Amino acid sequence: MVSPKHVCVIGAGVSGLAAAKAFSSRGHRVTIVERSCDLGGVWEPARSYPDVQTQSPKELYRYTDRAMPDAYPEWPTGPQVHAYLADYAKSFGLDRMLRLDTEVAGMARRADGRPGWTLSLCSKDGARTNEDFDFVAVCTGQFNEPRELHCPGEDGFLAQGGQILHSSKYGDPSLAKGRRVVVLGGSKSATDIAVNAVKSGAREVTIVMREPVWRIPYFIGGLVNFKRILYIRAQEEMFAGWGIGAMSRLGYRLAAPLIWANWRGLESLLKAQLKLNKCKMVPKERIEDGVNCSVPIATPGFYPMVADGRIKAVFGSFDHYEGDTIVMSGGERVGADVAVLAIGYKLGVPFLPDAYQQKLVDADGQYRLYRLIANPDLPELGFVGFNSSFCTVLCADLAANWLVRYADGQLAQQPTAQQMRDNIEMMLHFKRVERPAAGVYGGLCVAPYHFRHFDELMADIGARTQKRGGPAGHFQPPDADAYAKFLASAPQYQAAG
Ligand SMILES: Cc1cc2nc3c(=O)[nH]c(=O)nc-3n(C[C@H](O)[C@H](O)[C@H](O)COP(=O)(O)OP(=O)(O)OC[C@H]3O[C@@H](n4cnc5c(N)ncnc54)[C@H](O)[C@@H]3O)c2cc1C
């Protein structure tokens with residue numbers, strides 16, 4: 001018998017909505033606390049830069065119980081994703097659970113001695129209240145606290161009329177018109193903004209990044225949607241995963257020449273298609289060594305603009321400002337009116353007390369989360385959306401379904417605290433030693449191991465069908481409708497009392 005809980009979901013982005021749906025549909029009372037004035041998280045209109053669209057194809061960026069509208073393009077725009085999320089929230093009554101303009105400022109174990117947490121909530125007008133919850137789902141994402149970069153000479157640059165802004169604040173393309181724009185960063189946001197600045201009539205556009213990285217075009221070879229090549233189980237199986245035995249290791253060793261040829265072939269294709277030699281943008285790193293959540297999609301137009309000089313590429317970083325000039329770490333001097341810092345976001349759960357932070361995050365920044373969802377030393381607490389990937393909505397949906405069962409003691413394979421600790425240690429060893437690329441973003445990234453991660457979640461949940469067999473199982477990308485069926489095949493229950 002499962003008793004209903006009062007659950008606080010922190011954050012109303014993709015993950016918060018998934019968590020609210022999973023807990024409420026099992027009979028729990030849910031309050032979603034969101035500090036912003038609207039739902040959507042990174043897709044909230046005020047936070048989106050112009051021309052933003054998903055990197056994931058639409059059938060990979062959806063919940064198991066709601067497809068994106070047929071009328072949407074393969075890669076939906078920011079406003080379309082926001083409309084999809086708003087519609088999802090309305091359809092399942094999640095909008096009625098929302099408390100907007102309310103920030104979680106702190107949390108502590110409940111003073112009344114009952115299991116759960118007391119959250120310190122701060123409303124927009126500054127009023128603070130404390131509220132008790134039986135369980136808390138942290139769904140605050142990885143893209144909320146913009147990183148800062150301050151270089152010597154910044155005050156002088158600003159005083160003579162220069163502008164410095166984080167990429168999340170590049171909301172008005174007229175900012176670029178007729179001006180010299182310098183974008184710092186190599187992510188998709190950086191290349192999107194550089195291309196947008198050219199299209200918006202900037203006088204000069206420069207992109208500054210540490211080194212060239214592999215970028216994946218929407219259509220590989222100009223023909224095949226990248227999901228059909230890079231998101232499939234057969235491709236994932238080219239990477240040795242965690243916890244494998246001696247026989248599997250031997251198998252990987254024997255297959256090494258074929259796997260090597262597979263990656264060199266892909267690199268050759270990308271070099272030819274994107275004209276990387278002409279752009280002087282051939283990455284030094286082997287493509288397979290860097291596959292994780294940070295592999296960007298190539299913004300259409302980016303490489304052609306680099307090739308014909310509309311975007312100038314500089315390798316390095318900002319060193320200092322001198323008047324209206326930015327001096328780079330390699331000594332290059334670039335005149336600038338606007339500096340856009342596409343340097344990402346700080347990871348963290350700042351409202352968690354220090355003692356618990358230490359249980360959650362190791363000194364090297366690696367997160368201690370079983371299945372990237374729960375920590376045995378942080379009771380009545382779970383994390384949704386911390387298993388990020390190239391199909392984050394599906395990841396959040398499956399994590400939310402796992403978490404509610406974990407919280408209710410209803411996983412078919414409910415782990416003991418010791419099993420969780422042992423597994424966390426094994427995963428940390430994998431990320432630190434065996435595949436350092438898996439350690440990016442605090443280790444909170446399942447790419448390229450989507451299927452492996454989903455298989456584990458399905459097995460824990462007790463889904464009778466856990467994966468698709470045959471060619472579809474090996475050569476098709478994750479299918480949200482199939483995961484809906486797998487979830488439905490697990491034993492069902494309802495909280496009551
Ligand atoms: C431009 C862009 C494009 C992307 N495209 C893709 C893509 O194509 N495919 C893909 O898989 N992923 C993509 N991502 C990654 C994206 O972050 C995830 O897909 C997903 O949207 C994350 O959702 P989330 O709910 O976990 O986090 P968020 O969307 O960041 O939502 C977290 C919410 O928590 C709220 N919050 C934070 N702290 C507090 C607090 N203390 N109190 C109250 N509320 C709080 C925030 O205001 C926010 O609304 C993209 C990201 C960006 C920035």
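Whatever order the structure lists them in is the order used to number ligands and atoms, beginning at 1. The first residue in the sequence is number 1, and the count goes up from there. What you see is a predicted model; the values in this text were computed from it and never measured.
Among all protein heavy atoms, the one lying closest to atom 43 (C) of ligand 1 is Arg35 N, 3.4 Å. Of the protein's non-hydrogen atoms, Val52 CG2, 3.6 Å is the one closest to atom 1 (C) of ligand 1. Among protein heavy atoms, atom 18 (C) of ligand 1 sits closest to Tyr61 OH, 3.5 Å. Here the protein heavy atom with the shortest distance to atom 47 (O) of ligand 1 is Glu34 OE2, 2.6 Å. Of all protein heavy atoms, the one lying nearest to atom 12 (N) of ligand 1 is Thr392 OG1, 3.3 Å. Looking at atom 8 (O) of ligand 1, its nearest protein heavy atom turns out to be Gln55 N, 2.5 Å. Nearest protein neighbour of atom 31 (O) of ligand 1, counting heavy atoms only, is Gly41 CA, 3.5 Å. When hydrogens are left out, the protein atom nearest atom 30 (O) of ligand 1 is Asn144 ND2, 3.2 Å; that is the closest non-hydrogen contact.
Using a 4.5 Å heavy-atom threshold, the side chains of Val338 and Val182 count as separate. Looking at heavy atoms from C-beta onward, Thr140 lies out of side-chain contact with Ser15 at the 4.5 angstrom threshold.
With a 4.0 Å cut-off on non-hydrogen atoms, Val393 does not touch ligand 1 at all. Residue-level proximity to ligand 1 for Ser389 is carried by the backbone, the only part with a heavy atom below 4.0 angstrom. Neither the backbone nor the side chain of Ala105 comes within 4.0 Å of ligand 1, counting heavy atoms alone. Under 4.0 angstrom from ligand 1, the non-hydrogen atoms of Thr102 all belong to its backbone.
Nearest approach of Pro296 to Ser187, heavy atoms of both residues: CB-C, 4.4 Å. The two residues Phe451 and Pro477 make their nearest non-hydrogen contact at CZ-C, 3.9 Å.
Ligand 1 has no N or O atom lying under 3.5 Å from any N or O atom of Ser36, backbone or side chain. In terms of polar-atom proximity, defined here as any N/O pair under 3.5 Å, Val42 does make such a contact with ligand 1. Ligand 1 has an N or O atom lying under 3.5 Å from an N or O atom of Ser15, backbone or side chain. Polar contact with ligand 1: absent for Gln142 (N/O pair, distance under 3.5 Å). Taking distance alone, with nitrogen or oxygen atoms compared against 3.5 Å, Arg47 stays at or beyond that limit from ligand 1. Residue Thr54 places no N or O, backbone or side chain, under 3.5 Å from any N or O of ligand 1.
Within the listing of ligand 1, atoms 15 (C), 17 (O) sit less than 4.0 angstrom from a heavy atom of Phe143. For ligand 1 and Trp43, the ligand atoms under 4.0 Å from any heavy atom of the residue are 3 (C), 4 (C), 5 (N), 21 (O). Proximity to Val33 (heavy-atom distance under 4.0 Å) selects the following atoms of ligand 1: 43 (C), 44 (N). Counting atoms of ligand 1 from 1 in the listed order, those under 4.0 Å from a heavy atom of Gly11 are 33 (C), 34 (O), 35 (C).
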One pair to check against ring-ring contact (aromatic ring centres under 6.0 Å, His included): Tyr356 and Trp117. What are the steps and the verdict? CA-CA 12 Å; Tyr356 292 104; Trp117 298 85; 5.0 Å; yes
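When ring centroids are compared, His166 and Tyr345 come within the 6.0 Å threshold. Ring centroids of Tyr406 and Tyr370 are separated by 6.0 Å or more, keeping the two rings apart. Here Tyr441 and Tyr367 keep their ring centres 6.0 angstrom or further from each other.
The aromatic rings of Tyr449 and Trp242 stand perpendicular to each other, their planes meeting at an angle above 60°, with 30° marking the opposite boundary. Between Tyr483 and Phe454, the ring-plane angle classifies as perpendicular under the 30° and 60° cut-offs. Between Trp75 and Phe219, the ring planes are perpendicular. Angles over 60° get that label, and only those under 30° would be called parallel.
The distance from the OG atom of Ser91 to the OH atom of Tyr63 is 11.5 Å, given to the nearest 0.5 Å.
A heavy-atom separation below 4.0 Å is found between Cys391 and ligand 1.
Residues meeting the ring pair (Phe, Tyr, Trp, His ring centres under 6.0 Å) test with Phe315, sequence neighbours left out: none. Considering only residues two or more places apart in sequence or on other chains, Cys445 meets the disulfide (SG to SG under 2.5 Å) condition with Cys293.
Between the choices Leu121, Asn387, Val104, Val14, the shortest heavy-atom distance to atom 42 (N) of ligand 1 belongs to Val104.
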